[in-house]
Amino acid sequence: MLGLKLATDPRWVTIVESNIEEILTDHAWCEQKAASNAIYIIINNSEKEELVTEMTRIALEEMEHFQMVHNIIKEKGLTLGRERKDNYVNDLVKFAKKDGSRNDALVERLLFAAMIEARSCERFRVLSQNIKDPELAKFYHDLMVSEAGHYTTFLKFARQYTEKTDVDKRWQEWIDFESSIIGNYGKSETVHG
């Protein structure tokens, strides 16, 4: 369903398990950034009622996920660390088209968000199937389902709001680009790292 070309090696979970505090901190900040992205879309497209309604729901849900991760951090006696740089997302930002109309920028932002949600969904699936902690396995399974919903929402809106972008063609370009960089990741205890 996700269309990703390269699956995460399940051995990545061994790296994650070596530093649960790091993955949870990184994950919390990923949720905060996802909420901020939804708010950014609202701010720049306030006249699109259906989009604003859905992005509001996603922003609230992402902050709820942040709170859930923060609660797990506290329950485990760990500390939420400082925000982390996400090199994977920064690579995607470099790929995003910066020219075109305001509408082109919206479609590109929606595809960018869909790409991040697709990979996060895939990573959460790998965690849910391979992590030894049963509580975290269930938590990541539930979040995998949520991320899949966000991924499809972003793609749906890209198709709905396009004026001249061939969304399916551009989405394939995003998938091809992502497959060219993802091999650089999966070596650290972060969601995308």
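All of these numbers come straight from a predicted model, not from anything done at the bench. Every heavy atom of this structure was used, including side-chain atoms; hydrogens, water molecules and symmetry mates were not.
The hydrophobic cluster containing Val107 also contains Val93, counting ILVMFWY residues as joined when their side-chain heavy atoms lie under 4.5 angstrom apart, directly or transitively. Grouping the Ile, Leu, Val, Met, Phe, Trp and Tyr side chains by contacts below 4.5 angstrom, directly or via other members, places Val145 with Val126. Cluster annotation: Phe154 is not connected to Met115 through the hydrophobic network of ILVMFWY side chains, with a link wherever side-chain heavy atoms come within less than 4.5 Å. Both Leu127 and Ile72 belong to a single network of hydrophobic side chains, linked directly or stepwise wherever heavy atoms of I, L, V, M, F, W or Y lie under 4.5 Å apart.
Remark: Tyr140 pairs with His27, Phe124 by the ring-ring contact (aromatic ring centres under 6.0 Å, His included) rule, at least two apart or across chains. Remark: Lys5 engages Asp176 in a side-chain hydrogen bond (donor to acceptor under 3.5 Å, both in side chains) (not counting sequence neighbours).
Between the CG atom in Leu51 and the CD1 atom in Ile42 there is a gap of 7.5 Å [rounded to 0.5 Å]. Taking CD1 from Ile175 and OG from Ser180, the interatomic distance works out to 12.5 Å, rounded to the nearest 0.5 Å. The distance from the CG atom of Asp168 to the CD atom of Gln172 is 9.0 Å, given to the nearest 0.5 Å. Rounded to the nearest 0.5 angstrom, Ile116 CD1 and Leu111 CG are separated by 11.5 Å. Atom CG in Asn45 sits 4.5 Å away from atom CG in Leu106 (nearest 0.5 Å). One finds the NE2 atom of His192 at 12.0 Å from the CG atom of Asp91 (value rounded to the nearest 0.5 Å).
The backbone N or O of Asn87 lies less than 3.5 Å from a partner atom in the side chain of Tyr185, making a donor-acceptor pair. The main-chain N or O of Lys33 is never found under 3.5 Å from a side-chain atom of Asn37 such that the two would form a donor-acceptor pair. Between the side chain of Thr153 and the backbone N or O of Gly149, at least one donor-acceptor pair lies under 3.5 Å. With hydrogens and angles disregarded, a donor-acceptor distance shorter than 3.5 Å links the side chain of Lys187 to the backbone of Gly183. Looking at Trp29, its side chain never comes within 3.5 Å of a backbone N or O of Asp86 through a donor-acceptor pair. Not one N or O on the side chain of Arg119 forms a donor-acceptor pair closer than 3.5 Å with the backbone of Glu178. Side chain of Ser18 to main chain of Ile15: a donor-acceptor pair is present (N/O by atom type, distance under 3.5 Å, no hydrogens or angles). No donor-acceptor pair under 3.5 Å is formed between the side chain of Trp171 and the backbone N or O of Leu155. Between the Ser128 side chain and the Arg125 main chain, a donor and an acceptor come within less than 3.5 Å of each other. Side chain of Lys98 to backbone of Ala96: a donor-acceptor contact under 3.5 angstrom is found.
What you find for Glu135 and Asp133 is that their closest heavy atoms are N-OD1, 2.9 Å. Among all heavy-atom pairs drawn from Glu117 and Ala34, the shortest one is OE2-CB, 4.2 Å. Residue Tyr151 comes nearest to Ala118 through the heavy atom pair CD1-CB, 3.6 Å, listed as atom of the first residue, atom of the second, then distance. Nearest heavy atoms, Thr190 versus Trp12: O-CZ2, 3.2 Å. Of all heavy-atom pairs between Ala28 and Leu80, the closest is CB-CD1, 3.8 Å. Taking each heavy atom of Ala38 and Ile58 in turn, the nearest pair found is CB-CG2, 4.2 Å.
In this structure, Phe177 and Phe95 have parallel ring planes: the angle between them is below the 30° cut-off, well short of the 60° mark.
The side-chain contact (heavy atoms from CB on, under 4.5 Å) test with Ile23 singles out one residue from Val16, Ile131, Val13, and that residue is Val16.
In this structure, Asp9 pairs ionically with Arg11, as a charged nitrogen and a carboxylate oxygen lie closer than 4.0 Å. Ion pairing of Glu22 with Arg82 is absent here, as no side-chain N (NZ or NE/NH1/NH2) approaches a carboxylate O to less than 4.0 Å. A salt bridge links Asp104 to Lys164: one of the charged nitrogens lies within less than 4.0 Å of a carboxylate oxygen. By the 4.0 Å N-to-carboxylate-O rule, Arg170 lies close enough to Glu108 to be salt-bridged with it. Salt-bridge check for Lys156 with Glu50: passed, with a basic side-chain N closer than 4.0 Å to an acidic carboxylate O.
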Practice task
Determine, step by step, whether Thr53 and Glu49 satisfy the side chain to side chain donor-acceptor pair (under 3.5 Å) criterion, reporting the C-alpha distance in whole Å, the side-chain angles of both residues, the deciding distance to 0.1 Å, and the verdict.
Solution key: CA-CA 6 Å; Thr53 299; Glu49 183 181 323; 5.3 Å; no
Handout entry: Working for side chain to side chain donor-acceptor pair (under 3.5 Å), residues Ser146 and Glu61
Key = CA-CA 9 Å; Ser146 177; Glu61 191 171 292; 2.6 Å; yes
Practice task
Begin with the C-alpha distance, continue with both residues' side-chain angles, and end with the deciding distance and a verdict on side chain to side chain contact (heavy atoms under 4.5 Å, CB included) for Trp174 and Leu92.
Solution key: CA-CA 9 Å; Trp174 273 98; Leu92 294 179; 4.0 Å; yes
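For Ser36 and Gln32, the side-chain atoms include at least one donor-acceptor pair closer than 3.5 Å. Checked by atom type, the side-chain pair Ser101/Glu163 shows no donor-acceptor distance below 3.5 Å.
Between Lys76 and Leu136 there is a side-chain heavy-atom pair separated by less than 4.5 Å. Between Tyr161 and Val167 the shortest side-chain heavy-atom distance does not fall below 4.5 Å. A heavy-atom distance below 4.5 Å is found between the side chains of Phe112 and Val89. Taking the side chain as every heavy atom from C-beta outward, Tyr88 and Val191 never approach each other to under 4.5 Å.
The neighbour count for Glu75 CD, taken as heavy atoms of other residues, nucleotides or ligands under 6.0 Å away, is above 12.
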For residues 62-70, please give each side-chain donor-acceptor pair under 3.5 Å, one per line with the distance, not counting sequence neighbours.
residue : atom : partner : partner atom : Å
Glu62   : OE2  : His150  : ND1          : 3.0
His65   : ND1  : Glu31   : OE1          : 3.4

